[in-house]
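Accompanying notes for the structure given below.
Throughout, protein chains are lettered first and strands after them, A, B, ... in sequence-line order, and every chain is numbered starting at 1. None of the values given here were measured: they were computed from a predicted structure.
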2 protein chains.
Amino acid sequence: MTLDLVLIGFGNVAQRFAALLDEQRDALARDHDLRVRIVGIATRRHGCAHGSRAVSALRRDHGRVHGPAVAGPHVLSFLREALKRSAAAAQQRRLVVVETTTLDIERGEPATSHIRVALGGGAHAVTANKGPVACAYGALARAAARADRRFLFEGAVMDGVPIFNLVRETLPAVRVIGFRGVVNSTTNFMLTAMEKGRGFDEALAEMQQRGIAEADASLDIDGWDAAAKAAALANVLLQANITPRDVDRRGIAPHTGRLARRAKSAGRRLKLVASARRDRRRIVARVALEELSGDDLLAGVEGQQNALILETDLLEEIAIVQRSGGLTQTAYALLADVITIARDLTAPRARRRSPTAAPRSRTP
Amino acid sequence: MTLDLVLIGFGNVAQRFAALLDEQRDALARDHDLRVRIVGIATRRHGCAHGSRAVSALRRDHGRVHGPAVAGPHVLSFLREALKRSAAAAQQRRLVVVETTTLDIERGEPATSHIRVALGGGAHAVTANKGPVACAYGALARAAARADRRFLFEGAVMDGVPIFNLVRETLPAVRVIGFRGVVNSTTNFMLTAMEKGRGFDEALAEMQQRGIAEADASLDIDGWDAAAKAAALANVLLQANITPRDVDRRGIAPHTGRLARRAKSAGRRLKLVASARRDRRRIVARVALEELSGDDLLAGVEGQQNALILETDLLEEIAIVQRSGGLTQTAYALLADVITIARDLTAPRARRRSPTAAPRSRTP
């Protein structure tokens, strides 16, 4: 089977994703009977490209450019044109729009509009952007249901580590009651560094140099990124209908270092914890500095690691920990979502073959 | 859709599973369009039952019996007879044999024979038993492929916490290179207790009283249970073809308490770690006492908790932590596997509806 992809945004994540598709070409064919073609790319700085030749030229010229992603009305026109050109693939459920534009965290735009137009045009929509699911999940989920297409966003919270797929695919009949987690790498790195006596500005500068902090650092340190992730998780896992502004939000500041050191010296750890739970019919979501006892699983989450603890009815607590995150992991999340779409198109019987594949050789 | 179940073994786990099916009846119908009927039960102590009336009588009479599970040749005859009676359901891929008999950890019997006969008779096979996948995974996976039926065993390692489903369903295109984990609750509880100065025998007695330790405690303290889990994980995740006897195995003993206290006082933790990784073409699997630095994720796994760290190519390390385990969690693992089978039988389009279900109401 062949999926046709239109990339909206061609910054670092999308470029790594395109490279990953090349690296995984043989494995995708062998394990999933899947071929993936990029048939269009929209960039803000370097224009848009339809068709394989134009796409190749754009990838060749700008594969190393660290340009910001695309935005603005001309991108929507490009997207509409691309959906028209690929109408046959859309009709066959083989068209996927991959959205990776820069985020306006408060409004979730322009990503939300791109996804709405993509679904309306019969494409599946995949994004690594937390904006759409944090700000407009309900509307987009309904649009996807109406269009009978997938809207997937595994990369929105913990890069490639499965959260949404984990709950959807592997926890049937389990009800998530609440969650708490350390979900922002920049602030967790800074808290860990400040515990050891390093300064706020110095720790932040390191995260910016290493490309981990958001371009606008206040999104990290004021807790906006964590609030967006809390809203995204609450919307999907707790059937909430909130936005990042509905999250009771705190961040970290230079004086936080003193609190972190005091906690550490008492065998405790100061962490920026994102959480939500259902309180009667309301969802209470917040991002707060919490002083955790040393044996709390979240207390042991060091540096750039992330962790999420799901509270469930049947399984009580399950935790998943991301030990390393980066561009490849985010790109992988997009790939995992694309494979999910491909699996939908495969007959269930064929799907069943690979999981129970017999071992290759005896290697005791 | 209706699935017909034959239960082989009706001890604590199977009884909790049968009760869970009742509790989840409405949710299964609503969320998965699934009805589940128990059409046969084989027990060692209380005989076997075919048909809904006999099954009801057996469940009513022995629902509270803590009897050991079934075994012996008469169970195989019962199973063959049950497969014949349900030949139509088997033909329609609607028949599932749920295997929960007591484990012979070295040979994986009688569970392995039960599963082989079930698959040969056109049934899917589901088990919470680590024996078959630890001792005979290759042969059973091939039998399942030949029969074009599912062989599932989510409960074999960490009760209901998804491990095998996690890798199969949510990590497409990711290659697992190795793993390390704390997978035996009894020894981890004992190590944690001995760190605090409690005695070996006292800690073991508590685990036996609480029904966590194996009936034959040497299976836990000599590392056999952990070795079987290591073999199961290696067979499935690393395509090994080993048995528990191929695992380099150590256990814990009364003098281990002194080592655990010494490690703790130095800010380190002593843990019984099960691990495996590919070394060129060989699989090196072991269960060993390891003194871990305090910031190792496994060092923070307290009491009866379990944790598994997967080392992968694309996502580097991912960890999943089971914060509480018990009868309900193991029973849930069986239910999750039954739902996986039901999902196979559903058209992909229908499957797609529920995941993107729109939020029910606005609850900011």
Under-4.0 Å salt bridge between [X] and [Y]:
| X | Y | value |
| --- | --- | --- |
| A:Arg269 | A:Glu195 | yes |
| B:Arg25 | B:Asp22 | yes |
| B:Glu169 | B:Arg343 | no |

So which of [options] has the largest heavy-atom pair count under 4.5 angstrom toward chain B?
| options | answer |
| --- | --- |
| A:Ala307, A:Ala173, A:Ala143, A:Ala231 | A:Ala173 |
| A:Glu23, A:Gln322, A:Glu317, A:Gln24 | A:Glu317 |
| A:Leu166, A:Val247, A:Val167, A:Thr170 | A:Thr170 |

Of the backbone (N, CA, C, O) and the side chain (C-beta and beyond), which part of [X] lies under 4.5 Å from a heavy atom of chain B, both, or neither?
| X | result |
| --- | --- |
| A:Ala27 | neither |
| A:Glu302 | side chain |
| A:Gln329 | both |
| A:Leu335 | side chain |
| A:Leu314 | both |

Heavy-atom distances under 4.5 Å only: say whether [X] touches chain A with side chain, backbone, both or neither.
| X | result |
| --- | --- |
| B:Leu297 | both |
| B:Val284 | neither |
| B:Ile339 | side chain |
| B:Glu316 | both |

Quick one: does any side-chain atom of [X] pair with a main-chain N or O of [Y] as donor and acceptor, under 3.5 Å?
| X | Y | value |
| --- | --- | --- |
| B:Asn188 | B:Gly303 | yes |
| A:Asn235 | A:Ile242 | yes |
| B:His124 | B:Arg93 | yes |

With the side chain counted from C-beta on, respond yes when [X] and [Y] share a heavy-atom pair under 4.5 Å apart, and no when they do not.
| X | Y | result |
| --- | --- | --- |
| B:Leu28 | B:Arg35 | no |
| A:Lys271 | A:Arg180 | no |
| A:Leu140 | A:Arg116 | yes |

Determine the option with the most heavy-atom pairs under 4.5 angstrom with chain A, choosing from [options].
| options | value |
| --- | --- |
| B:Asp159, B:Asp296, B:Leu171, B:Val161 | B:Leu171 |
| B:Ile320, B:Leu315, B:Asn165, B:Thr328 | B:Leu315 |
| B:Leu20, B:Val174, B:Val301 | B:Val174 |

- [ ] Using distance alone, with no hydrogens and no angle criterion, decide if A:Asp33 and A:Thr346 have a side-chain donor and acceptor under 3.5 Å apart.
- [x] no
